[in-house]
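If you read the sequence from its start, that first residue is 1, and numbering goes on from there. In listed order, ligands and their atoms are each counted from 1.
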Amino acid sequence: MGDIPAREATVHMNTGRRQPLTLVRGQGTRVWDDEGKSYLDFIAGIAVVSLGHANPGLAEVIAKQASTLLQVSNLFYTEPQIELAELLVQHSALDRVFFCNSGAEANEGAIKLARKWGILNRNGAYEIIATHNGFHGRTLGSVAATGTPRYRDPFGPMIPGFVFVDYDDVEAIKAATTPQTAAVLLEPIQGEGGVNVPAPDYLRRVRDWCDEQGILLILDEVQTGTGRTGTLWAYEQAGIEPDIMTLAKGLGGGVPIGAVLSKEACSVFEPGDHGSTYSGNPLVTAAGKYVIQQLTEGGVLENVQERSGQLEQRLAGLEDRSPLVSGQRGAGLLRALVLTSDIAAEVATKAMGRGLLVNPVRPNVVRFMPPLTVTAAEIDEAVDIIDAVLTEVAAG
Ligand SMILES: *Cc1c(COP(=O)(O)O)cnc(C)c1O
């Protein structure tokens, strides 16, 4: 650890509490701290490191691109950018792409796009219905769409035009829809909200309502997208297509990239409406292209399906054995163990002591989101550690 925490405390803005761990390198699902201790990483940069740490293929693509061309701005064309855009369109139900640099920015873009669409096509409508416990980012627009008061309250008046309803409640969306409504904004599974999985027909019924009303469905797949839930996009499992989809996190495998994807019919941006200096630069789009290729042709999606079945089964074993576990939920390699009391932070700390990084996403919920390349042995090792921790905690 050295004196990094003390140095940080004097120069960093205080925006969050870190674990007392300085990580210096990674390989696959494993990371090492500055004292040489290794950890299985079931946080993966918060569902970002989709191909594992120091993936040799991705590292080669990034190194080659870094020594060729990093940044030219969007005043010019580049090959990696068009190649990734074509791949995303080819492998999704959407027609058009705007690149950006993070999940919050992707949602900013989606919000602007939906507002412009509503103003043009629905008689000035600009309201967006979003959900309590949803998470869409920390910028002023994306946090205005985020239904968690503590993220919003310190910052004065929010951008108007957002209405919040309970997640997994179609009737609430119907009741909140007015002539002012332009769109509904949802996560297919609420990630930061606690890995909340809606009823199997929820997205289908929301889609039907949006069609009936002539409003847009925006899916925030920043966390669920790019293979995390076992299909390339989570919406596939609901048998629907969104009008707008936002991506970030796993898309770059670790480099900062986001994207707004849209159907042709609501792709209403015109020159000058939106932009970003870095967005879709050759470095991040070359990385994104490699990630999508590994998912679609490199066997990574198949691995997610196999390993997620294994993880689900092993966690079910814990449900049977431990009085501290009340259930599990999730899809693919976005999974949560639900505990009978608020001991998630204690479980995560003790797991770290035994060489496993997991995230206490709620006071009683531990989240698992390993790299999509995680092996069968690593899943077993991780669940064995949780098993030992639960035994230790139960023993007091
Ligand atoms: C993480 C996350 C975001 C925000 O992404 P940033 O890259 O941190 O801005 C938005 N939506 C969802 C669903 C997320 O999980």
Side-chain angles (χ1 to χ4, degrees), residues 13 15-16 18 42-50 98-114 128-148 150-152 155 162 164 167-168 183-198 202-203 206 217-229 233-235 238 242 244-261 276 278-280 284 287-288 291 329-336 359-362 365 367-370 372:
M13 292 194 191
T15 59
R18 292 189 206 266
F42 273 49
I43 296 177
I46 314 189
V48 166
V49 185
S50 36
F98 173 84
F99 288 116
C100 55
N101 312 289
S102 70
E105 261 187 68
N107 288 316
E108 291 285 338
I111 290 163
K112 284 176 71 176
L113 188 65
I128 294 176
I129 299 171
T131 59
H132 297 300
N133 288 318
F135 184 79
H136 303 293
R138 304 296 202 134
T139 57
L140 274 173
S142 65
V143 88
T146 291
T148 305
R150 82 186 146 85
Y151 296 158
R152 310 154 49 89
F155 303 106
F162 293 94
F164 294 99
Y167 190 62
D168 197 16
V184 175
L185 168 61
L186 296 172
E187 296 156 83
I189 293 173
Q190 286 186 331
E192 299 309 301
V195 191
N196 302 319
V197 182
Y202 176 60
L203 289 180
V206 175
L217 176 58
I218 308 169
L219 289 184
D220 178 346
E221 292 233 24
V222 167
Q223 187 157 152
T224 56
T226 45
R228 178 54 53 184
T229 66
W233 321 113
Y235 71 72
I244 298 172
M245 170 167 79
T246 55
L247 302 177
K249 291 204 165 96
L251 176 59
V255 300
I257 182 172
V260 186
L261 276 69
S276 158
Y278 295 124
S279 69
V284 298
V291 169
R329 56 193 186 222
L333 290 174
L334 176 59
R335 213 148 257 292
N359 168 246
V361 66
R362 298 267 104 178
V365 179
R367 179 169 52 166
F368 301 82
M369 40 188 168
L372 306 182

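In terms of modelled atom types and a separation under 3.5 Å, the side chain of Asn107 and the main chain of Ala104 share no donor-acceptor contact. No side-chain donor-acceptor contact under 3.5 Å links Arg228 to the backbone of Ala331.
Smallest separation of non-hydrogen atoms from Val284 and Pro256: CG1-O, 3.3 Å. Of all heavy-atom pairs between Gly250 and Ser50, the closest is O-OG, 2.8 Å.
Pocket lining of ligand 1, defined as residues with a non-hydrogen atom under 4.0 Å away: Ser102, Gly103, Ala104, Asn107, Phe135, His136, Gly137, Glu187, Asp220, Val222, Gln223, Lys249.
Exactly one of Ile244, Thr146, Thr246, Ile128 qualifies for a side-chain contact (heavy atoms from CB on, under 4.5 Å) with Leu185. That residue is Ile128.
Crowding of Tyr202 atom OH: a count of heavy atoms from other residues, nucleotides or ligands under 6.0 Å exceeding 12.
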